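This is a predicted model, so every value here is computed, not measured. In each ligand, atom 1 is the first atom listed, and ligand 1 is the first ligand listed.
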Amino acid sequence: MSGVNTAGWRPSMNSAEGGVSVPETQSGDHALMLEEPLIFELGCEGQTGVDFDAPAKAVSPALAKFRRKAAPAVPGLSEPEAVRHYTRLSRQNYGIDLGPFPLGSCTMKHNPRLNEKMARLPGFADVHPLQPQKTVEGALEVIEQLADWLITLTGMASVAMSPKAGAHGELCGLLCIRAALDARGETRDVVLVPESAHGTNPATAAFAGFKVETIPATPEGRVDLAALKAKLGPDVAGVMITNPNTCGLFEPEMKAIADAVHAAGGYVYCDGANFNAIVGRVRPGDLGVDAMHINLHKTFSTPHGGGGPGAGPVVLSEALAPYAPLPFVARGEDGHVHLVEEENRGEGHARAFGRMVAFHGQMGMFTRALAYILSHGADGLKQVAEDAVLNANYVLRSLEDVLQAPFGKSGPCMHEALFSDAGLPEGFTTLDIAKGLIDEGFHPMTVYFPLVVKGAMLIEPTETESKPGLDRFIASMRNLAQRAREEDASLHSAPHFAPRRRLDETRAARKPVLVWKADARA
Ligand SMILES: *Cc1c(COP(=O)(O)O)cnc(C)c1O
């Protein structure tokens, strides 16, 4: 952590009343944080990090037509220039190894180094999906052991290990539901989704060919059971419910919801991305869940961010287990674990809906997740959930006098604390607090999500932050809330100390420039 002193912080940079005016540097750099051009802008023709000998033999005339007419459009840099470029870029990359990453719903927890060590063992790191099974029995055994743990921790009948992420797992679960309905000869086409759901839920339901209908939330931020029951009928394939939900609250009526949905002939999909709040304490299988994805890259500490890789195994009830996708691992009569690749592999799995991926699973993620589980044990995992919830409640109660907590009165939260900008003076918004947090040396929290709360700020500390670390974060948040209350206009232009100020986020989303073109340089 930066160790920013948060007491009475005031930006001094070029602010009229701030006193000192900071000069612009000639280089554009700020102290040792250096401006970094694109590597193409740095490179010059003819420069190279390595010297190649001229080819010993003349190129065969048969290949002559392939000779380049122009030099390849690659940037020319010396070795130190190339090394410095990437090192400078790496220093601009904020990550969980630099400081807290309080993004609600993302569970950015510490990735234990022991997991990394295990994942780098050559027997796991170097396996190839096309290797003969006999040569990867240990790796298959790891997948099987992890699968056993996931089944035990969730109280479910079976698990599909191959989905590559949470959203991919959602799709897998809905395709299992679709296959089960097909087997029953029914064409139910509606999936009910609460309005507080993660955006991936309605997107997945639509992608899987279902119609999405929204269930409203109660004023306490939970699923409105009566409204849900009113929507149940012969056209409803199932519900997708996140528990704990995206307001950071447990859905206490989950069992009643599941019973009602089952009675109406539907299935219950649970978005298990927030399993880290209940692992070891609650088994979704006991609540009537039929399918639930588990984000190994959240609950079980495998790294994420930057788009992957993740892993989203889907635990399944007895009712859906037969439809799980290929391939999967199973212990054969010989006592060895096999990878089952083909249809018609006998009892229980006779009706796979197809496959989600070409090859089985994410070996690196499986190895890390199993290392995490084994190093914690069942007791340790329970403590993980308890500490994650404790930390979030500490943040909730330490900030609710300066920031509005819309569900603060509903009792304790689970693993994340939800605030809004409702109590701030006119014109001071969640965005100002988030940008101010960058100046304080913290990655911003999740903003404007969940959508049910206007100006939402969702903070998930995870169990891996210490009390002193949380206290520093809380002090910074209190300072920002105070500055907003005092209508400190400098907050509107934060961040002041980051390499970039406020970006045009709308333009970045609508008109992204993703490819560098030489002629755009002029
Ligand atoms: C993270 C998350 C997802 C999606 O998981 P990915 O692995 O990012 O695809 C779905 N639902 C909730 C509630 C989440 O927090």
Lining ligand 1 at under 4.0 Å, by non-hydrogen atom distance, are residues Ser105, Ala165, Gly166, Ala167, Glu170, His198, Thr200, Thr242, Asp271, Ala273, Asn295, His297, Lys298

For the pair Phe442 and Phe473, name the ring-plane relationship: parallel under 30°, tilted 30 to 60°, perpendicular over 60°. perpendicular

With sequence neighbours left out, what residues match Asp387 under side chain to side chain contact (heavy atoms under 4.5 Å, CB included)? Gln383, Glu463

ring-ring contact (aromatic ring centres under 6.0 Å, His included) contacts touching residues 399-424 (sequence neighbours left out): none

Restricting to side chain to side chain contact (heavy atoms under 4.5 Å, CB included), what partner residues turn up for Leu232, sequence neighbours left out? Leu192, Leu228, Val236, Ala260, Val261, Ala264

Ring-plane angle category for Phe300 and Tyr372, please: parallel below 30°, perpendicular beyond 60°, tilted otherwise. perpendicular

Do NZ/NE/NH1/NH2 and the carboxylate oxygens of Glu505 and Lys435 come within less than 4.0 Å? yes

